[in-house]
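Working notes, beginning with the structure itself.
Bear in mind the structure is a predicted one, so any value in this text is a computation, not a measurement. Throughout, protein chains are lettered first and strands after them, A, B, ... in sequence-line order, and every chain is numbered starting at 1.
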Amino acid sequence: MTNRFYVTTPIYYINDVPHLGTAYTTIAADVLARYHRLRGDETRFLTGTDEHGLKIQRVAAEQGLDPQVYADGLSAKFRAAWPRLGCAPDDFIRTTEERHMRGAQKLWSTIKDAGHIYLGHYEGLYCVACEAYYTEKELALTPGLCPVHKTPVETVKEESYFFKLSAFQDKLLAYYEAHPDFVRPAGRFNEVKSFVKEGLQDLSVSRTTFNWGVPVPGDDRHVMYVWFDALSNYMTSLSAPEDNTRFWPAIHFVGKDILRFHAIFWPAFLMAAGIELPKQIFAHGFLTYCGEKMSKTLRNTISPVELAEAISPTVGVDTVRYCLMRAIAFGQDGDFAIKDVLQRYESELGNNLGNLLNRVKPFTKEVLPAGEPGQPEADLLQAVTRTVDAAAKAFDDLNPTGAITIIFEVLTLANTYINDTAPWIAHKKGDLKRVATIMSPLLVVLEVASVLLAPVMPQVAARVREQLALAPIDWSKHEALWPFTLPVRPEGLVVKGGDQLFPRMEPEKIEALIKAFSPPPKSTDVTEAAPATTPSTTETTVTAAPAEATEPRVRAPIEAMPTISYEDFARLDLRVGIVVAAEKVKKKDKLLDLRVDTGDAAPRRIVAGLAAAYTPEQILGKRVVVLCNLAPRDFGKGLVSEGMILAASDEASLKVLGVDGEKIAGAKVS
RNA sequence: GGGCCUAUAGCUCAAUUGGUCAGAGCCCCCGGCUCAUAACCGGGUUGUUCCUGGUUCGAGUCCAGGUGGGCCUACCA
């Protein structure tokens, strides 16, 4: 029986460029796909691009382009990037392709016919960049602005189709229970489970506010929600141009940020359609680069392709692939640092692997008749056999990091073996038979390593084999390793040799690489904006969100709101208030429970989301501006707020409005 | 607030279901070798396994509580 292996990456949204993060996912998928090909498994590796959505439609319009033309250009960048990183997907799907749109519509119709999609209404504040609605509550700290993008949200009311996600809560939990490896690593699975246990709401799965998407079957006014559209790619790729549905179910590689869509929404869609669920969803960790979070600037600056080409035109790509797989335990967060890459290039790849090949060459110019293997030879061959099994087991367990570690251990053993057997002594004596005996297992080590490392470093593997005069790797099935049989080299075979695989870098080159691929200095535009300020008088306030600080600060365009009359304004009962009591609300991180004297008979209670910006002590006694005739708001447990304290906010902080001088409580504000 | 993950040598990380002196690489020191990319091999130094309790014949591993770091989620008039 043929084993099948179907691995997918997310389809990448084309408003971004291919960067280290997406490269990591894609390379990991490629490594596993290559491994399974070697095993002779029928293998399919899918990646692609997600091209629909309001955001693309708008940007294209701004540039005066047809959205399809715009998408064509960006998608092509992704398609071109992967081969340059040694990745060879079997299919590259685009959500704007006819075959995908047809397939997504078919999935939709199946789910609708089964009664799991219904027509309703959705009203809310929408962020174009997120493709998501926000509740007003979610925007309290940044009124009118998306908390993620800091751009204005838009009030949108639309008719919408809904998916009955709520109906699948129990079925999902039951499925999770029955399939303990459905999501890996286990910790991530726990997160998914607890999210589902907290309750699922029906999901709005269509939009009418734009038309750059897959039309809803039978209702052209609607296009599908991007996630419905996007997730279906894993199936639609299998149906066209030829029938590959036998590959289903897939293993989905995803970043942990989009795990929820893959581990909850997607399985629910599939259940609704009566389709088998994915075999597994593997959430890998996030990378930092040289210890820094992946900010927008970093993403744009640090190009994995350019790094690979700068390291070496021949083995740079494989070096990057190797380091990504080796340095970061697959599934965990990790750091990718240029210094670490150069270190591993020299030490592990150069000294260990490259040098091993090099020191074998002088004794194996031609394969000569060998004598009976002694104990050291037998031991080394034993180790090789064990390595093949152990490495395969690691790869099978989606643990490329472990596989690499195991393979390099046998290389160290081989180096030890040469030291111990000292072939140069026999060589000097002219005992060529002894030399051949010693060399024989070393050639086995290198040959086996060339196959085992091929998934990670296909180019390097090819070069090793070329130098050893071995046939190229058979990517449809490399028979010799599984089950493992000792390779026999024909006597008289001339070993080609060749250049060093990983030539030592000049110190100048190392320095230049470190310089070129170090993270750019952090943006200091905030201080630059105030040139008159000398450093000594600069405030040393600790800003609240260090993660955001690394992002370039782009001032969001202020969208003018509709004009109102004076009468409208006069309806606001605005007064000066004095905070006379303040305490934190228990169990609510951001809420302060305040008593404010607004000139009424008694201080009024106001619950305000200010705790992130003010401690009770800081706010106590402050003169603030209060909107007094706002409808009361109940926070539950008897917490009723009878007004609102005006505050100004930007992405950095939140400050209440004050009053100059000593105005009395209750003074009118207009 | 609810939840998840994580903490092991100077650095990066390992330690099958609780079971022999807690290991490896890098760095550093000493020695060996000279085929090889000043490479290779051997030896050595470094640990309160974050803290406090508990279960057990036995805990890095399990339990409870705490601390640091990361993340998911909720409240935000």
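Here B/G42 presents its C1' atom at 19 Å from OH of A/Y417, a figure rounded to the nearest Å. A/L342 has its CG atom 14 Å from the C1' atom of B/C26, to the nearest Å. Between A/I328 atom CD1 and B/G70 atom C1' the separation is 16 Å, expressed in whole Å. Atoms CH2 (A/W424) and P (B/G32) sit 15 Å apart, rounded to a whole Å. Straight-line distance from the CG atom of A/N351 to the P atom of B/C35: 18 Å, rounded to whole Å. As a whole-Å value, the separation of A/I404 CD1 from B/G25 C1' is 14 Å. Computed from coordinates, the A/L357 CG to B/A39 P distance equals 18 Å when rounded to whole Å. Protein atom CD1 of A/I438 is 14 Å distant from nucleotide atom P of B/U34, rounded to whole Å.
Taking the six-membered ring wherever Trp is involved, the centroid distance between the rings of A/F330 and A/F282 falls below 6.0 Å. Aromatic rings of A/F253 and A/H284 (six-membered ring for Trp) have centroids beyond the 6.0 Å cut-off, not under it.
Going from the P atom of B/C71 to that of B/C27 covers 32 Å, rounded to whole Å. One C1' atom belongs to B/G32, the other to B/G70, and the distance between them is 46 Å to the nearest Å. The separation of B/U34 from B/C13, taken at their C1' atoms, amounts to 33 Å, rounded to a whole angstrom. Using atom P as the reference point in both B/C50 and B/U12, the two lie 15 Å apart (nearest Å). Taking atom P on both nucleotides, B/C40 is separated from B/G54 by 49 Å, rounded to a whole Å. When the P atom is used for both B/A7 and B/U61, the distance is 11 Å, rounded to whole Å. Spacing between B/A64 and B/G25 at atom P, rounded to whole Å, works out to 37 Å. For the C1' atom pair drawn from B/G47 and B/U8, the interatomic distance equals 8 Å after rounding to whole Å.
Looking only at distances, a side-chain donor or acceptor of A/T401 sits under 3.5 Å from a matching main-chain atom of A/I328.
Residue contacts for A/T412: at a heavy-atom cut-off of 4.0 Å it reaches the sugar-phosphate backbone alone, with no base atom in range. A/F286 comes within 4.0 angstrom of no nucleic acid atom, judged by non-hydrogen atoms across all strands. A/P423 comes within contact range of no nucleotide atom at all, as no heavy-atom separation falls under 4.0 Å. Among the atoms of the strands shown, base atoms are found under 4.0 Å from some heavy atom of A/N355.
Counting only heavy atoms from C-beta outward, the side chains of A/R359 and A/N419 approach each other to under 4.5 Å. Within the 4.5 Å cutoff, no side-chain heavy atoms of A/S347 are placed close to those of A/N352.
Here A/K197 does not reach the OP1 or OP2 of B/G3: none of its side-chain N or O atoms lies under 4.0 Å away. Taking 4.0 angstrom as the limit, A/R188 places none of its side-chain polar atoms (N or O) nearer than this to OP1 or OP2 of B/C4. Taking side-chain N and O atoms only, A/N358 has no distance below 4.0 Å to OP1 or OP2 of B/C35.
Side-chain polar atoms of A/Q467 and A/K361 form a donor-acceptor pair below 3.5 angstrom.
Taking the six-membered ring for Trp and thresholds of 30 and 60 degrees, A/F336 and A/Y289 have ring planes inclined between 30 and 60 degrees apart.
When the nucleotides B/C71, B/U37, B/C40 are ranked by their closest atom to the side chain of A/L501, B/U37 comes out on top. Of the candidates B/U37, B/C4, B/C40, the closest approach to any side-chain atom of A/R359 belongs to B/C40. Among B/G25, B/C26, B/C40, the nucleotide with an atom closest to any side-chain atom of A/Q343 is B/C26. Among B/C35, B/C41, B/G3, the nucleotide with an atom closest to any side-chain atom of A/N415 is B/C41. The A/N419 side chain lies nearest to B/C41 when the options are B/U34, B/A36, B/C41. Counting only heavy atoms from C-beta on, A/E191 has its side chain closest to B/G3 among B/A36, B/G3, B/C41.
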Dot-bracket line, read 5' to 3' along RNA chain B, where crossing pairs take [ ] and | marks a partner on another strand, Watson-Crick or G-U under 3.5 Å:
(((((((..((((.....[...)))).(((((.......))))).....(((((..]....))))))))))))....
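When the ring pair (Phe, Tyr, Trp, His ring centres under 6.0 Å) test is applied to A/F189, the partners found at least two apart in sequence or on another chain are A/Y176.
Across the interface with RNA chain B, nearest-nucleotide mapping of A/N190 and A/N352 shows A/N190 to be the residue nearer the 5′ end. When each of A/G354 and A/T416 is assigned the nucleotide of RNA chain B bearing its nearest heavy atom, the one mapping closer to the 5' terminus is A/G354.
In the displayed structure, A/K193 atom NZ is contacted under 6.0 Å by more than 12 heavy atoms of other residues, nucleotides or ligands.
No option in A/L357, A/N358, A/L349 other than A/L357 meets the side chain to side chain contact (heavy atoms under 4.5 Å, CB included) test with A/L501.
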